[in-house]
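The sequence lines fix the lettering, A, B, ..., with proteins before strands; numbering per chain opens at 1. The structure displayed is predicted, hence computed values, not measured ones. Both backbone and side-chain heavy atoms feed into the values below; hydrogens, waters and symmetry mates do not.
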Amino acid sequence: SVAKRAVAEAAQHDKVPRPVGFVPPPPPCPGRIRYFDI
Amino acid sequence: VPAAPPAPLGCDDPESEAAAEVAVNYINGHSHHGYKFALNRIEDIRVVPQGPNNDIIFLELDLLETKCPILSPTPLANCTVRSFAEHAVEGDCDVKLQKVDGILSVLASKCHSHADSREDILKVCPDCPLLASMNNTEVLETVSAALNDYNSKTTDSYLRLLEIGRAKIQYHPGHVVATEFAVGATNCSAQEAKANVGACQLLPEDQSNFGFCTAVMVKAPSQDLQVDCQLYGHQVPAPAFPCFPGYSRLLVLLQGIILSQDTS
(Lines give C-alpha, C1' and ligand atoms only; values in the text may rest on other atoms or scores of the structure.)
Protein backbone atom coordinates (compact mmCIF):
# COMPACT_ATOMS: atom_id res chain seq x y z
CA SER A 1 0.00 0.00 0.00
CA VAL A 2 1.26 3.48 -0.80
CA ALA A 3 1.22 5.78 2.22
CA LYS A 4 1.00 9.42 1.33
CA ARG A 5 3.58 11.28 3.39
CA ALA A 6 2.86 14.78 4.65
CA VAL A 7 4.20 17.27 2.10
CA ALA A 8 6.28 19.09 4.69
CA GLU A 9 7.90 15.86 5.80
CA ALA A 10 8.55 14.81 2.21
CA ALA A 11 9.92 18.22 1.33
CA GLN A 12 12.17 17.98 4.35
CA HIS A 13 13.60 14.66 3.26
CA ASP A 14 13.90 15.57 -0.41
CA LYS A 15 15.69 18.84 0.24
CA VAL A 16 19.21 18.47 -1.09
CA PRO A 17 21.64 19.22 1.74
CA ARG A 18 23.44 22.50 0.90
CA PRO A 19 27.14 22.86 1.73
CA VAL A 20 27.79 25.36 4.52
CA GLY A 21 28.17 28.92 3.17
CA PHE A 22 26.34 28.05 -0.07
CA VAL A 23 25.37 31.28 -1.86
CA PRO A 24 22.74 30.83 -4.60
CA PRO A 25 23.85 32.39 -7.93
CA PRO A 26 22.23 35.78 -8.70
CA PRO A 27 19.18 35.51 -10.94
CA PRO A 28 20.27 35.76 -14.61
CA CYS A 29 18.00 38.80 -15.24
CA PRO A 30 17.49 41.68 -14.92
CA GLY A 31 21.13 42.66 -15.27
CA ARG A 32 23.24 45.23 -13.50
CA ILE A 33 22.32 48.93 -13.47
CA ARG A 34 24.99 51.05 -15.16
CA TYR A 35 23.84 54.53 -14.07
CA PHE A 36 20.78 54.78 -11.86
CA ASP A 37 17.30 53.36 -11.67
CA ILE A 38 14.32 55.63 -12.28
CA VAL B 1 21.64 10.87 -23.58
CA PRO B 2 20.65 14.05 -25.51
CA ALA B 3 22.89 16.99 -24.63
CA ALA B 4 21.36 19.17 -21.93
CA PRO B 5 19.97 22.43 -23.37
CA PRO B 6 22.43 25.32 -22.89
CA ALA B 7 21.91 27.29 -19.68
CA PRO B 8 19.77 30.40 -20.37
CA LEU B 9 21.83 33.52 -21.07
CA GLY B 10 22.25 35.84 -18.12
CA CYS B 11 21.57 39.53 -18.68
CA ASP B 12 25.15 40.40 -17.79
CA ASP B 13 26.78 37.69 -19.92
CA PRO B 14 29.20 38.95 -22.59
CA GLU B 15 26.91 37.67 -25.35
CA SER B 16 24.01 39.66 -23.90
CA GLU B 17 26.11 42.81 -23.62
CA ALA B 18 27.28 42.42 -27.22
CA ALA B 19 23.68 42.06 -28.41
CA ALA B 20 22.61 45.07 -26.35
CA GLU B 21 25.40 47.18 -27.84
CA VAL B 22 24.29 46.34 -31.38
CA ALA B 23 20.69 47.13 -30.39
CA VAL B 24 21.52 50.52 -28.82
CA ASN B 25 23.63 51.56 -31.83
CA TYR B 26 20.75 50.57 -34.12
CA ILE B 27 18.21 52.54 -32.05
CA ASN B 28 20.37 55.68 -32.01
CA GLY B 29 21.13 55.27 -35.71
CA HIS B 30 17.45 55.11 -36.60
CA SER B 31 16.16 57.78 -34.26
CA HIS B 32 15.17 61.12 -35.79
CA HIS B 33 14.48 63.26 -32.74
CA GLY B 34 15.76 64.22 -29.35
CA TYR B 35 18.93 62.82 -27.90
CA LYS B 36 21.11 59.72 -28.02
CA PHE B 37 20.30 57.03 -25.47
CA ALA B 38 22.76 54.90 -23.49
CA LEU B 39 22.24 51.44 -22.05
CA ASN B 40 21.33 51.49 -18.37
CA ARG B 41 20.22 47.91 -17.83
CA ILE B 42 19.42 44.73 -19.73
CA GLU B 43 16.02 43.85 -18.29
CA ASP B 44 15.63 40.50 -20.03
CA ILE B 45 17.03 38.34 -22.81
CA ARG B 46 15.48 35.33 -24.50
CA VAL B 47 17.23 33.20 -27.13
CA VAL B 48 15.18 31.08 -29.56
CA PRO B 49 17.40 28.70 -31.53
CA GLN B 50 16.46 28.48 -35.23
CA GLY B 51 19.01 25.90 -36.24
CA PRO B 52 22.80 25.48 -36.23
CA ASN B 53 24.52 28.86 -35.59
CA ASN B 54 21.20 30.64 -36.05
CA ASP B 55 19.39 32.22 -33.09
CA ILE B 56 16.64 34.79 -32.69
CA ILE B 57 17.31 36.99 -29.65
CA PHE B 58 14.64 39.03 -27.87
CA LEU B 59 16.06 41.83 -25.72
CA GLU B 60 14.28 44.08 -23.23
CA LEU B 61 16.43 47.17 -22.60
CA ASP B 62 16.28 50.04 -20.16
CA LEU B 63 17.99 53.12 -21.66
CA LEU B 64 18.74 56.59 -20.33
CA GLU B 65 18.87 59.82 -22.34
CA THR B 66 22.28 61.40 -22.80
CA LYS B 67 23.09 65.06 -23.38
CA CYS B 68 24.13 64.41 -26.99
CA PRO B 69 21.55 65.50 -29.55
CA ILE B 70 20.69 62.72 -32.00
CA LEU B 71 22.38 64.63 -34.86
CA SER B 72 25.60 65.17 -32.94
CA PRO B 73 28.67 63.35 -34.35
CA THR B 74 29.92 62.76 -30.78
CA PRO B 75 30.49 59.04 -30.19
CA LEU B 76 27.97 57.59 -27.71
CA ALA B 77 30.81 56.59 -25.38
CA ASN B 78 31.58 60.30 -24.93
CA CYS B 79 27.98 61.30 -24.27
CA THR B 80 27.14 62.10 -20.66
CA VAL B 81 23.98 60.49 -19.32
CA ARG B 82 21.60 63.14 -17.99
CA SER B 83 21.50 62.93 -14.22
CA PHE B 84 18.44 62.17 -12.17
CA ALA B 85 18.31 65.75 -10.84
CA GLU B 86 18.38 67.14 -14.39
CA HIS B 87 15.05 65.37 -14.91
CA ALA B 88 16.24 62.20 -16.60
CA VAL B 89 14.39 60.62 -19.50
CA GLU B 90 14.16 56.84 -19.66
CA GLY B 91 13.72 54.71 -22.75
CA ASP B 92 12.15 51.25 -22.68
CA CYS B 93 12.97 49.20 -25.76
CA ASP B 94 12.06 45.75 -27.04
CA VAL B 95 14.49 44.60 -29.71
CA LYS B 96 14.49 41.49 -31.89
CA LEU B 97 17.86 40.43 -33.26
CA GLN B 98 19.20 37.56 -35.28
CA LYS B 99 22.59 35.93 -34.73
CA VAL B 100 23.85 33.94 -37.69
CA ASP B 101 27.36 32.49 -37.54
CA GLY B 102 28.13 34.91 -34.71
CA ILE B 103 26.99 38.01 -36.68
CA LEU B 104 24.30 40.06 -34.94
CA SER B 105 21.69 42.09 -36.83
CA VAL B 106 18.58 43.89 -35.65
CA LEU B 107 15.29 42.72 -37.16
CA ALA B 108 12.95 45.10 -35.28
CA SER B 109 12.86 47.49 -32.36
CA LYS B 110 10.10 49.28 -30.49
CA CYS B 111 10.91 52.03 -28.00
CA HIS B 112 9.02 54.37 -25.76
CA SER B 113 10.66 57.15 -23.78
CA HIS B 114 9.25 59.06 -20.85
CA ALA B 115 10.56 61.66 -18.46
CA ASP B 116 10.97 60.61 -14.86
CA SER B 117 8.02 61.46 -12.66
CA ARG B 118 8.02 65.00 -11.33
CA GLU B 119 7.18 63.77 -7.84
CA ASP B 120 10.28 61.55 -7.77
CA ILE B 121 12.54 64.46 -8.75
CA LEU B 122 10.97 66.89 -6.26
CA LYS B 123 11.29 64.30 -3.50
CA VAL B 124 15.05 64.21 -4.01
CA CYS B 125 15.57 67.78 -5.21
CA PRO B 126 12.75 70.15 -4.24
CA ASP B 127 14.31 73.15 -6.01
CA CYS B 128 15.32 71.38 -9.25
CA PRO B 129 13.67 72.95 -12.30
CA LEU B 130 11.58 70.41 -14.18
CA LEU B 131 11.01 69.70 -17.86
CA ALA B 132 8.49 72.10 -19.33
CA SER B 133 5.33 70.74 -20.85
CA MET B 134 5.08 70.42 -24.59
CA ASN B 135 3.06 73.51 -25.40
CA ASN B 136 4.55 75.95 -22.94
CA THR B 137 4.45 79.38 -24.57
CA GLU B 138 7.36 80.68 -22.49
CA VAL B 139 9.56 78.00 -24.00
CA LEU B 140 8.50 78.74 -27.56
CA GLU B 141 9.00 82.47 -27.00
CA THR B 142 12.47 81.87 -25.53
CA VAL B 143 13.55 79.67 -28.44
CA SER B 144 12.25 82.18 -30.97
CA ALA B 145 13.95 85.12 -29.23
CA ALA B 146 17.19 83.19 -28.85
CA LEU B 147 17.37 82.12 -32.49
CA ASN B 148 16.52 85.64 -33.69
CA ASP B 149 19.19 87.03 -31.38
CA TYR B 150 21.78 84.57 -32.70
CA ASN B 151 20.87 85.17 -36.34
CA SER B 152 20.99 88.94 -35.87
CA LYS B 153 24.59 88.73 -34.62
CA THR B 154 26.14 85.94 -36.69
CA THR B 155 28.22 86.57 -39.80
CA ASP B 156 27.71 82.95 -40.87
CA SER B 157 24.74 81.15 -42.34
CA TYR B 158 21.22 81.96 -41.25
CA LEU B 159 20.01 79.12 -38.99
CA ARG B 160 16.57 77.57 -39.02
CA LEU B 161 14.98 75.73 -36.09
CA LEU B 162 14.75 71.94 -36.51
CA GLU B 163 13.27 70.97 -33.16
CA ILE B 164 13.30 71.88 -29.49
CA GLY B 165 15.13 69.19 -27.54
CA ARG B 166 14.13 70.03 -24.04
CA ALA B 167 13.31 72.99 -21.85
CA LYS B 168 13.11 73.70 -18.16
CA ILE B 169 11.63 76.60 -16.26
CA GLN B 170 12.73 77.76 -12.85
CA TYR B 171 10.41 80.07 -10.94
CA HIS B 172 12.40 80.52 -7.75
CA PRO B 173 14.80 82.11 -7.05
CA GLY B 174 14.40 84.20 -10.16
CA HIS B 175 12.36 83.31 -13.23
CA VAL B 176 14.59 81.49 -15.72
CA VAL B 177 13.79 79.58 -18.91
CA ALA B 178 16.53 77.22 -20.18
CA THR B 179 16.10 75.60 -23.57
CA GLU B 180 18.04 73.35 -25.93
CA PHE B 181 17.17 73.15 -29.60
CA ALA B 182 18.50 71.69 -32.84
CA VAL B 183 19.17 73.95 -35.83
CA GLY B 184 20.15 73.61 -39.47
CA ALA B 185 22.19 75.93 -41.68
CA THR B 186 20.34 77.43 -44.65
CA ASN B 187 21.40 78.61 -48.11
CA CYS B 188 21.32 82.25 -46.92
CA SER B 189 23.75 84.40 -45.05
CA ALA B 190 22.24 86.14 -42.05
CA GLN B 191 22.46 89.36 -44.05
CA GLU B 192 20.49 87.93 -47.01
CA ALA B 193 17.88 86.57 -44.62
CA LYS B 194 17.09 90.11 -43.46
CA ALA B 195 16.02 90.90 -47.00
CA ASN B 196 14.02 87.76 -47.78
CA VAL B 197 13.89 85.12 -45.03
CA GLY B 198 11.31 83.09 -46.94
CA ALA B 199 13.95 82.19 -49.52
CA CYS B 200 16.19 80.66 -46.84
CA GLN B 201 15.89 76.88 -46.96
CA LEU B 202 17.86 74.16 -45.18
CA LEU B 203 20.89 73.08 -47.19
CA PRO B 204 20.38 69.98 -49.35
CA GLU B 205 21.41 66.67 -47.81
CA ASP B 206 24.82 66.55 -49.53
CA GLN B 207 25.74 69.90 -47.93
CA SER B 208 23.64 69.71 -44.75
CA ASN B 209 25.12 71.35 -41.70
CA PHE B 210 23.26 70.80 -38.44
CA GLY B 211 23.97 72.15 -35.02
CA PHE B 212 22.68 72.65 -31.55
CA CYS B 213 21.89 75.70 -29.44
CA THR B 214 21.42 76.28 -25.75
CA ALA B 215 19.69 79.40 -24.50
CA VAL B 216 18.98 80.79 -21.07
CA MET B 217 16.51 83.62 -20.65
CA VAL B 218 16.43 85.32 -17.25
CA LYS B 219 13.12 87.09 -16.78
CA ALA B 220 13.47 88.16 -13.18
CA PRO B 221 14.91 89.84 -11.25
CA SER B 222 16.45 91.36 -14.43
CA GLN B 223 16.11 90.54 -18.12
CA ASP B 224 18.99 88.68 -19.78
CA LEU B 225 19.37 86.31 -22.72
CA GLN B 226 22.38 84.05 -23.35
CA VAL B 227 22.54 81.98 -26.55
CA ASP B 228 25.24 79.54 -27.66
CA CYS B 229 25.07 77.65 -30.96
CA GLN B 230 27.54 75.07 -32.26
CA LEU B 231 27.37 73.76 -35.83
CA TYR B 232 28.71 70.24 -36.47
CA GLY B 233 29.91 70.90 -40.02
CA HIS B 234 28.80 68.65 -42.88
CA GLN B 235 28.42 65.02 -41.75
CA VAL B 236 28.01 62.17 -44.20
CA PRO B 237 24.36 61.41 -43.39
CA ALA B 238 23.78 58.02 -41.81
CA PRO B 239 21.54 55.92 -44.12
CA ALA B 240 19.03 55.81 -41.30
CA PHE B 241 18.37 59.51 -41.50
CA PRO B 242 16.67 60.09 -44.88
CA CYS B 243 15.48 63.50 -45.92
CA PHE B 244 11.76 63.21 -46.24
CA PRO B 245 9.33 65.58 -48.00
CA GLY B 246 8.78 68.70 -45.92
CA TYR B 247 12.08 68.03 -44.18
CA SER B 248 12.74 71.74 -43.85
CA ARG B 249 9.42 72.25 -42.17
CA LEU B 250 10.13 69.87 -39.34
CA LEU B 251 7.61 70.25 -36.57
CA VAL B 252 8.87 71.83 -33.38
CA LEU B 253 9.06 69.02 -30.90
CA LEU B 254 9.58 69.44 -27.20
CA GLN B 255 11.24 66.65 -25.20
CA GLY B 256 9.02 65.59 -22.35
CA ILE B 257 6.41 64.22 -24.78
CA ILE B 258 6.24 60.46 -24.97
CA LEU B 259 8.38 59.64 -27.97
CA SER B 260 7.54 56.33 -29.49
CA GLN B 261 9.68 54.89 -32.19
CA ASP B 262 9.08 51.66 -34.02
CA THR B 263 11.66 50.50 -36.48
CA SER B 264 11.75 47.23 -38.38
Could you tell me which portion of B/L9 (side chain, backbone, both or neither) has an atom closer than 4.5 angstrom to a non-hydrogen atom of chain A? backbone
Enter the distance from A/Y35:OH to B/L64:CG here, rounded to the nearest 0.5 Å. 8.0 Å
Indicate the atoms forming the closest heavy-atom contact of A/R34 with B/E17, along with that distance. NH2-OE2, 3.1 Å
Ignoring hydrogens and geometry, is there a side-chain-to-backbone donor-acceptor pair from B/N40 to A/F36 under 3.5 Å? yes
Got more than 12 heavy atoms from elsewhere within 6.0 Å of CD, B/Q50? yes
Test item: A/D37 and B/D62 side chains (from C-beta on) under 4.5 Å apart, heavy atoms: yes
Heavy-atom distance under 4.5 Å to chain A: side chain of B/R82, backbone, both or neither? backbone
Is B/S83 in contact with chain A via its backbone, its side chain, both, or neither, using a 4.5 Å heavy-atom distance? backbone
In B/I42, B/D12, B/D44, the residue satisfying side chain to side chain contact (heavy atoms under 4.5 Å, CB included) with A/C29 is B/D44
Check B/C11 against A/G31 and note the closest heavy-atom contact, atom names and distance. CB-N, 3.4 Å
